[in-house]
Amino acid sequence: MKYKFTSQILFITSLISVAFIYIQSTKVENVIDYIPYHEKIIEAEKLIFIEEDIVLGLQSFEEAFQMYDFVFVDDCIEAFQLALFYQQDSLALFFIQRALDNGFRLEFLDELRCACPHNYYQDIDQKVSIHQAFIKQHQQELATYQNQTFEKYTRKIKKGHLAKLIERHIKEQTFKNHRPALGHTKEKQKQLYNQVCDSNLQWIKNLYKDEFYIGEQNIGFLSNQLLNHFDIEYTNDNKFLSPAILQKYKLKKDTPIPVHMENNAFNINMLYNILFHNPQSYKTLEPYAQRAIKLGYLHPREYASLEHRRSPSPKEKDMVLEKFWQNIEDTQQINQMRSKCLLPPYEVDYKKHQLAHQYCLKLSFGFFNGTR
């Protein structure tokens, strides 16, 4: 009995030591380190799509989402669909709850589509349906959970920076295409648009220089509920910019401005949109990017895609961040570059793409399905 008791003490002590080491290794100046998060997501995807170990793969997703308060919604929605596909309903419930913890709304599931750029979005109207029976079964439980977690979620959001980002996004999108109502020639408006893009990037750079980063973690996952909560003026019920905003630019009511809205939540977000529009984004943020990624604000795939799209040397193109529907036999160099950027092997994207199309799932997200 004495030996058993001593063993228990040693076991508890070792657990405490391991926990202490883990906490120290995943914090930087009392801030959570997100490198292990992304590594865990990559591990989950490799287990599922390459090694075909579904149980361990879904467990890795679960462990990643348990390690952190903030988690990326797209990862949760991917894991949610995979759990349903492999008939792991208890994990599916956990995954969708973690999405709700971070600003996702149940109605957004109706916007999940199988659309993919590899076929020029011929399947753009084909909706994902794998979740429908599950949501119907858990509707009341999840609706209650969504309402209960919303207040806690809003406490993470920096209202002033969200409002400023929206204001800058609107101005950039308004000047992007020539509009005679703005009162400028095409050449002058193009010049003004470039100035807006430079101003927006400078604003983000100045925040980064002051070690204040913005991202999904503190500006949220866009929803009308979030905007209403903070009384931020943006779009109306008809999905046009509000009349007051349009009037500011001397534009008529219901003038269509292609701004980011909640109904395209799984595509490009307004922060990435701003960075994408400026060809200097990658180099401008380079001194600060690794810190922003480490702290969970800048997504590593979004940053890598800026290099791929805005500095298109053959080396960067070889990462194949978007056209991952090709069966490439020699992926060694591709995967070496991906690994340095904290991205999964090419084979993960390829297998994921195959499964998504075969069973009508939405497993890749962002701009051209290549930035999340």
Counting only heavy atoms not in K164 (residues, nucleotides, ligands), do more than 12 fall under 6.0 Å from its NZ? no
Check the surroundings of atom CG in N228: do more than 12 heavy atoms from other residues, nucleotides or ligands lie under 6.0 Å from it? yes
Is the CD atom of E52 crowded by more than 12 outside heavy atoms at less than 6.0 Å? no
Disulfide (SG to SG under 2.5 Å) pairs, two or more places apart, involving residues 44-84: none
Would you check if L142 and L93 make a side-chain contact, meaning some heavy-atom pair closer than 4.5 Å? yes
Tell me whether E216 is salt-bridged to R372, with the criterion being a basic N under 4.0 Å from an acidic carboxylate O. yes
Under the ring pair (Phe, Tyr, Trp, His ring centres under 6.0 Å) test, which residues partner F85, sequence neighbours left out? Y359
Which pairs pass disulfide (SG to SG under 2.5 Å) with one or both residues in residues 155-224, sequence neighbours excluded? none
Parallel, tilted or perpendicular for F104 and F266, by the 30°/60° rule? tilted
Check this for me: K171, atom NZ, are more than 12 non-hydrogen atoms of other residues, nucleotides or ligands nearer than 6.0 Å? no
Verify the distance criterion only: is there a donor paired with an acceptor across the side chains of Y303 and S281 at less than 3.5 Å? no
Could you pull out all residues at least two apart from F49 that satisfy ring pair (Phe, Tyr, Trp, His ring centres under 6.0 Å)? none
For Y193 and N177, does a side-chain donor sit closer than 3.5 Å to a side-chain acceptor? no
Do you see a donor-acceptor pair shorter than 3.5 Å between the side chains of R338 and T331? no
Does R105 come within less than 4.0 Å of D110, counting only side-chain N to carboxylate O? no
For E107, which residues count as a side-chain hydrogen bond (donor to acceptor under 3.5 Å, both in side chains) partner, sequence neighbours excluded? Q225
Criterion side-chain hydrogen bond (donor to acceptor under 3.5 Å, both in side chains) against S60, the qualifying member of E39, E43, K40, K46: E43
Joint hydrophobic cluster, L106 plus L361, side-chain heavy atoms closer than 4.5 Å: yes
Any side-chain donor-acceptor pair under 3.5 Å between D101 and Q97? no
Listing request: all disulfide (SG to SG under 2.5 Å) pairs with a residue in residues 81-114, at least two apart in sequence or in separate chains. C114-C360
Assess, by modelled atom type and distance only, whether the side chains of N273 and Q173 contain a donor and an acceptor separated by less than 3.5 Å. yes
Could you check if a side-chain atom of L112 sits within less than 4.5 angstrom of a side-chain atom of I130, using non-hydrogen atoms only? no
Between N278 and N200, a side-chain donor and acceptor under 3.5 Å: no
What pairs meet the ring-ring contact (aromatic ring centres under 6.0 Å, His included) rule with one or both residues in residues 159-191, with sequence neighbours excluded? H161-F212
Measure the acute angle between the ring planes of F72 and Y37, then classify it against the limits of 30° and 60° as parallel, tilted or perpendicular. tilted
Those residues at least two apart in sequence (or on a different chain) that pass salt bridge (charged side-chain N to carboxylate O under 4.0 Å, His left out) with E141 are none
Which residues satisfy the ring pair (Phe, Tyr, Trp, His ring centres under 6.0 Å) test with Y346, sequence neighbours excluded? none
Side-chain donor-acceptor pair under 3.5 Å between E302 and N269, yes or no? yes
Hey, mind stepping through H138 and Y145 against ring pair (Phe, Tyr, Trp, His ring centres under 6.0 Å) and telling me if it holds? CA-CA 10 Å; H138 296 278; Y145 186 89; over 10 Å; no
Can you check whether I257 reaches L251 side chain to side chain, under 4.5 Å on heavy atoms? yes
Counterpart residues, salt bridge (charged side-chain N to carboxylate O under 4.0 Å, His left out), relative to K156 (two or more places apart): D69
Distance col, row C341:SG vs E307:CD, nearest 0.5 angstrom, shows 6.0 Å
Taken in chain and number order and not counting sequence neighbours, the residues that satisfy ring pair (Phe, Tyr, Trp, His ring centres under 6.0 Å) with Y208 are Y213
Taking the six-membered ring where the residue is Trp, are the ring centres of Y153 and F221 under 6.0 Å apart? no
Strictly by ring-ring contact (aromatic ring centres under 6.0 Å, His included), give each pair with a member in residues 224-252 just once, sequence neighbours left out. F150-H229
Please determine whether the number of non-hydrogen atoms from other residues, nucleotides or ligands lying under 6.0 Å from atom CD of Q132 exceeds 12. yes
